[in-house]
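Treat the numbers as computed from the prediction; the structure is a model and nothing was measured. The first residue in the sequence is number 1, and the count goes up from there.
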Amino acid sequence: MVLVFALLAAPAARAQRGDSVEDLEGRLAAAREAGSTRLEQAVLEHRLGRAYVRAGRLDDAVRSFESALAVREAALPADSPEIADTVTGLAVARNVQGRTEESEQLFLRALEVRKKALGKDSPHVAASYGNLGALYVQQERWEEAGRNYDEAIEIYGKQRRRGSSMVVALAQRATVYEQLGDRKKADALYERIVEEEASASGASSGRVAAAHTTLATRYRERGDVKNAEEHYRKALEMLGSAETPSAPTVVVNLEGMGWAARQNEELEEAELHYRRAYGVGESVLGRDHPLMIPVLEGYSGVLSDLGRSDESQALGARAARLREALEDRGARQSAPPVSGSP
């Protein structure tokens with residue numbers, strides 16, 4: 001499961017132009033040479049800590065965050081949002097280092113500071129709850145994760161402009177419900193994600209289609225043909241009305257419609273959907289694109305059901321070759337480098 005922390009995803013925490021490690025190191029050195037104030041240097045140290053995390057230089061990140069935090073604690077009120085931001089950055093770095101207990105205490109501290117500084121309904125407070133939820137998911141502390149995501153969702157629900165943060169929180173909470181075996185509540189949240197995307201982005205946006213596709217995939221994994229088909233169809237309707245539809249998403253949803261029709265033993269309709277997916281995929285993505293594998297496999301199965309064995313075997317053999325090549329590439333990429341000397 002991918003863990004998302006506010007250091008890299010929350011409002012006001014996105015990388016700014018010129019935030020590479022090299023650029024920030026140079027700017028910090030220049031600021032020190034010019035005799036800028038320690039608070040001004042702390043801003044650069046904080047941003048450098050974030051850049052170090054992105055670069056995987058965790059020891060350097062910890063040193064930068066701790067230096068920035070010491071300055072901010074000495075110069076600013078205890079409930080300053082800047083202190084909470086740096087505490088959050090340090091928490092992320094410590095977590096990636098595997099020091100989860102320390103990370104948890106830091107996240108809890110950032111939450112309390114943000115509550116005092118910004119009020120309990122601030123989106124930054126919601127981001128802190130999301131950080132704790134992600135940490136507890138990592139530790140498989142599902143009940144605690146759920147409670148923190150619930151807090152985040154409640155706060156985001158009060159915002160007039162919620163953006164993607166609400167969607168992320170809903171998706172994470174739904175995942176927790178699935179881990180706890182409550183699929184009904186998980187499905188309700190996935191449905192809510194579609195509604196959130198529609199209200200935020202407009203009914204014809206690609207993001208709405210993507211939400212429908214994700215939900216269709218969830219239903220498909222459970223063998224719920226009716227609901228999967230409904231959301232595949234809605235996604236295609238959205239993509240058909242979008243100004244610049246995404247070809248990969250079109251292929252995925254056409255393949256999904258073909259799968260649903262085959263499950264319903266509607267073979268002629270299934271063949272039509274797979275033929276369209278095959279045509280779009282080959283013309284836009286190319287013959288060897290990985291998304292062609294499920295299309296070729298599904299199309300082969302339908303043609304076999306229809307008694308068109310020669311066509312079925314040709315597509316099946318091609319799918320097998322593509323899958324073998326894909327697996328071979330994956331194995332080579334994951335293999336350790338071969339040393340030229342003992």
Side-chain angles (χ1 to χ4, degrees), residues 1-11 92 95 100 104 107 111 121 123-159 161-203 205-239 246 249 252-253 256 259-260:
M1 181 176 297
V2 176
L3 205 58
V4 179
F5 290 108
L7 173 69
L8 304 180
V92 172
N95 180 72
T100 55
E104 179 182 3
F107 278 134
L111 171 62
D121 292 334
H124 293 277
V125 172
S128 284
Y129 279 120
N131 287 334
L132 285 163
L135 181 68
Y136 294 141
V137 164
Q138 180 185 20
Q139 298 172 330
E140 299 186 2
R141 294 161 63 179
W142 304 115
E143 295 289 351
E144 292 167 275
R147 286 194 293 271
N148 279 276
Y149 283 130
D150 286 341
E151 294 282 359
I153 290 167
E154 182 178 354
I155 294 170
Y156 287 133
K158 298 175 182 178
Q159 311 301 314
R161 297 181 62 184
R162 297 196 276 267
S164 61
S165 299
M166 171 66 100
V167 170
V168 171
L170 288 169
Q172 297 280 32
R173 184 59 171 112
T175 300
V176 171
Y177 274 131
E178 288 185 314
Q179 291 292 333
L180 293 171
D182 196 335
R183 289 183 172 181
K184 184 176 181 180
K185 288 184 178 178
D187 289 347
L189 290 187
Y190 286 125
E191 296 280 1
R192 186 174 169 187
I193 288 172
V194 175
E195 296 172 1
E196 287 285 337
E197 291 287 35
S199 63
S201 312
S205 74
R207 284 178 57 180
V208 182
H212 279 297
T213 304
T214 300
L215 187 50
T217 302
R218 294 283 181 177
Y219 284 126
R220 178 173 177 169
E221 291 170 349
R222 301 172 191 171
D224 187 338
V225 178
K226 180 179 178 181
N227 280 313
E229 180 181 15
E230 176 186 354
H231 287 283
Y232 281 131
R233 180 178 291 108
K234 287 181 177 178
L236 286 170
E237 291 171 355
M238 293 291 168
L239 292 167
S246 168
T249 309
V252 168
N253 286 284
W259 168 84

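Distance CD/Glu197 to OG/Ser164: 8.0 Å, rounded to 0.5 Å. The distance from atom CD of Glu196 to atom CE of Met166, rounded to the nearest 0.5 Å, is 4.5 Å. A distance of 4.5 Å separates CG in Asn253 from CG in Leu236, rounded to the nearest 0.5 Å. With rounding to the nearest 0.5 angstrom, the CG atom of Leu239 is 6.5 Å from the OG1 atom of Thr213. Atoms CD and NZ, from Glu154 and Lys158 in turn, are 4.5 Å apart once rounded to the nearest 0.5 Å. Leu180 contributes atom CG, which lies 9.5 Å from atom NZ of Lys185 (distance to the nearest 0.5 angstrom).
Residues passing the ring-ring contact (aromatic ring centres under 6.0 Å, His included) test with Tyr219 are His231, sequence neighbours excluded. Legend: residues meeting salt bridge (Lys or Arg N to Asp or Glu O under 4.0 Å) with Glu144, ordered by chain and number and at least two apart, are Arg141.
Heavy-atom minimum distance, Ala152 versus Ala126: CB-O, 3.5 Å. Here the closest non-hydrogen pair linking Arg220 and Gly256 is NH1-CA, 3.7 Å. Annotation for Pro123 and Tyr156: closest pair O-OH, 3.9 Å, computed over non-hydrogen atoms. Heavy-atom minimum distance, Ala211 versus Ile193: CB-CG2, 4.2 Å. Of all the heavy atoms in Ala174 and Leu189, the pair that sits closest is N-CD1, 3.7 Å. For the residue pair Ala209 and Met238, the shortest heavy atom distance occurs at CB-CB, 3.8 Å.
With hydrogens and angles left out, the side-chain atoms of Tyr136 and Glu104 include a donor and acceptor closer than 3.5 Å.
Ionic pairing of Arg233 and Glu237 is not present here: no N-O contact between side-chain nitrogen and carboxylate oxygen is shorter than 4.0 angstrom. Using a cutoff of 4.0 Å between basic side-chain nitrogens and carboxylate oxygens, Asp224 and Arg183 are not scored as salt-bridged.
Tyr232 places a side-chain heavy atom less than 4.5 Å from the side chain of Thr217. Looking only at side-chain heavy atoms (C-beta outward), Phe107 and Ser128 stay at 4.5 Å or farther from each other. Proximity of Thr175 to Tyr190: side-chain heavy atoms (C-beta onward) are separated by under 4.5 Å at one or more points. Side chains of Trp259 and Val225 form a contact here, defined as non-hydrogen atoms less than 4.5 Å apart.
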Given the rule in the salt bridge (charged side-chain N to carboxylate O under 4.0 Å, His left out) test, do Glu230 and Lys226 qualify, once you have shown the distances and angles that lead to the verdict?
CA-CA 6 Å; Glu230 176 186 354; Lys226 180 179 178 181; over 6 Å; no
Begin from the C-alpha positions of Leu170 and Glu195 and carry the test side-chain contact (heavy atoms from CB on, under 4.5 Å) through to its verdict.
CA-CA 11 Å; Leu170 288 169; Glu195 296 172 1; over 6 Å; no
With side-chain contact (heavy atoms from CB on, under 4.5 Å) as the criterion, how do Asn95 and Gln138 come out once you've worked through the C-alpha distance, each side chain's angles and the decisive distance to 0.1 Å?
CA-CA 10 Å; Asn95 180 72; Gln138 180 185 20; 2.8 Å; yes
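Just one of Ile153, Asp150, Ile155 meets the side-chain contact (heavy atoms from CB on, under 4.5 Å) condition when paired with Tyr129; it is Ile155.
Each salt bridge (charged side-chain N to carboxylate O under 4.0 Å, His left out) pair with one or both residues in residues 126-139, not counting sequence neighbours, would appear here, but there are none.
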